[in-house]
Amino acid sequence: MITVKFLSGLERRLGLSDNLYSFEEPVPVPFRSLVEKLNIRNLDSITRPLFVNCEKETLTFDKALADLNVPDGETVVIFMINGGG
Amino acid sequence: MVKGGYMGKYLVVDMTTGTCETHEWDEKYLELFVGGPALGARMLWDMMPAHVDALAPESVFGFLASPLNGTNALFGGRYTVVSKSPVTNGFNDANSGGYFGPELKKAGFDALFIKGKSEKPVYLLITDDKCEIRDASHVWGKDYYEAEAIVRDEVEAELGVKNVRTAGIGPAGERGSHMAALMNDMHHTAGRGGSAAVLGAKGVKMVAVKGTKKIPVADIDKLNEMKKGYLAALKEADIQVFKDSGSGEAAPGCILGNDASTRNWSAVGADYYTPEEAEKLGSPWADKKYKTKSKACAACPLGCGALYKVEDGAYPIGDTTRPQYETIAAFSSNILVKDPAVNIYANDLLNRAGIDTISAGGTVAWAIEAFENGDLTEEDTDGIKLAWGDGDAAIELVKKMCSGEGCGEIFQHGTKYACEAFGGRGAQFMTTFSGIEPGQHDPRLMPGLGRAYKWDPVPGRHVKGTTGYVIEDDKYNFGEDGPHTGATDVEWTSYTELESAAGFCQFGGIYGGQFTAVEDVEAVTGLAVDLSTYGPRSFLMRLAFSVREGIERKDYTANPRNMGEPPLKGGPTDGVTIPVDELGERFYEALGCDKEHFWPYKDTLTALGGLDDVAEEIGLDRP
């Protein structure tokens, strides 16, 4: 099983209802296909850097779409840098 | 012509003679500089001789309320303090929210400038068109929270009013700490650059203000229309997390995404923090346990502040305030600490002492790295065994800074002073910019911020300039046509110049939608703002103060580490190096300055208008 988690309310900004999703997939599964399954509507509206953390490494969202294959049992965390202050 | 936004007067208080004088503005200054840092720089230029020590009686400290303050312009609650910095020996400005700025205007004054030196501790009481110097012996030495409560309660009882607003210093400012922060309305802070030490050197503990005047607005219909627009934009934007948890909601993402510093800017956040550990450092996690009340600045519909009550964990300190993002990052990933109790307690200790939390966190990180490398020993730290991730040791060092006792006598002045006091040991680990510890945003993700950190007259600030985050890898284009340099950098910087002058909170800019500080200022003051001249004029006025002090290009220092030299391995900024010197050269060239000194040409200053005398004194002849 693979889990996708959104941090700090990012799921709402992306038009999703929950911050946690589980997938039973043949593994490893490309990150791109998880994103397609999530059917994220507002991806283009995000004007700040989006990142993906998986297996103790943080990648840019674009790099994860291109390269990341998620192994079984992993949690993929998607988050945005939101400025702080 | 100015039609609103100002009360038309400012106060000059001479602590040596004990006199308070009211002056009318030269309206030209308001038209040229609008308010805040640049207006403050112009006033300091006029009022202070060059080359005086920042803490000398001849040095001047200024509070400047902003044109938006008190007008109900949304997000317009911030005021500015200005002085010479005891750290850089150049110009310093810092700003803060709360209610102090609006109240100063209600009392009839747009600004307050303090010079001289009082023989005994005093506080100022400012009421409608009046200023009085009062004895402050009973609160001198007390922590800021306690001192403010005493002064506020006694003034409220005496005047029979509520909501007296205050700004002042903690014990650190009394001792001349180079990290001393100006505090107001309990937990708001104009923290950076050591300005509060200047006020402390004058013997002024606090300024208490109460006013009843109405603040004029040039175009109230336009202002109301804009308020509707802002509120509609906020409805559209997803602001609930920020509203609930303030800037600290960003901490987990910034730690995992390498925007916050990790291990004194030397490492990758995700190498040290799991997502679960990072989340525990965000305000939403701590809010669930500790939040008792939300707090907002004047005219703010967001309300990013909060009160906490902490009754469990490593430091059950009871009532306190919620740390902002900067403090959280400075006292977590910066020093590899994972327990949120550490940043909450450090925030409380430093606010009470009146010390800048960003600089304090940077100083602790430097000390830990120097200690790890053997450059500092227990002899230097009064026996504290500093180590990455050791929150208790970090808190012990913070307590030393706050008391100024033992090694705190040295560490209370920040990284640069401490490194020099220890004979330069650990200098290779100083991540300061001209001696100022930077804000908790990484230039390797925001290259324009790198330029601002290193080359702004007020270094190390995360609110000056920036060209935004790099969102895609191809935006790491540092060519002359790139998105982070030259005229583009000047354009972005010009906007932040106006935000600061207006008293406009940058969070309003992030969430407020279609309107900007330009429309706000125009509606409130009736002035027409042309950013293409306003921005450079404002920036160069701040720069001019430092140029007159003799500060030039070679005096701006930085650790190459902060710019990715050597580059980080792994993480989202893997391999990134920011060519900060090139960015600085292009920025100053676009502004009309020379490359050798980063000083303005005479014709640059005269072309901007209103700076002829400045040009005469410090302008260079163009070759």
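Within every chain, numbering begins at 1; the chains are lettered A, B, ... in the order of the sequence lines, protein sequences first and strands thereafter.
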Under 3.5 Å, is there a donor-acceptor pair between the side chain of T58(A) and the main chain of G257(B)?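 Not at all, since once roles are kept as given, no pair shorter than 3.5 Å links the two residues.
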
If we only count heavy atoms from C-beta on, is the [X] to [Y] side-chain gap below 4.5 Å?
X      : Y       : value
F79(A) : L256(B) : yes
I81(A) : M446(B) : no
L7(A)  : E279(B) : yes

Heavy-atom distance under 4.5 Å to chain A: side chain of [X], backbone, both or neither?
X       : value
Q240(B) : both
I328(B) : neither
P572(B) : both
V470(B) : backbone

Measure distances from K5(A) to the heavy atoms of chain B and classify the residue's part below 4.5 Å as side chain, backbone, both or neither.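 Side chain of K5(A) only, per the 4.5 Å heavy-atom cut-off to chain B.
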
Between N53(A) and A270(B), which heavy-atom pair has the shortest distance, and what is it? ND2-CB, 3.6 Å

Could you pull out the closest heavy-atom pair between D271(B) and K56(A), with the gap in Å? OD1-O, 4.2 Å

Gap separating the CG atom of D259(B) from the CE atom of M80(A), nearest 0.5 angstrom: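 D259(B) CG to M80(A) CE: 12.0 Å, rounded to 0.5 Å.
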
Output the distance between atom CG (D574(B)) and atom CD (E57(A)), rounded to the nearest 0.5 Å. 8.0 Å

Using a heavy-atom cutoff of under 4.5 Å, enumerate the residues of residues 12-34 of chain A that contact chain B, numbered in order, or state 'none'. R12(A), R13(A)

Neighbour count >12 (heavy atoms, 6.0 Å) for atom NZ, K63(A): no

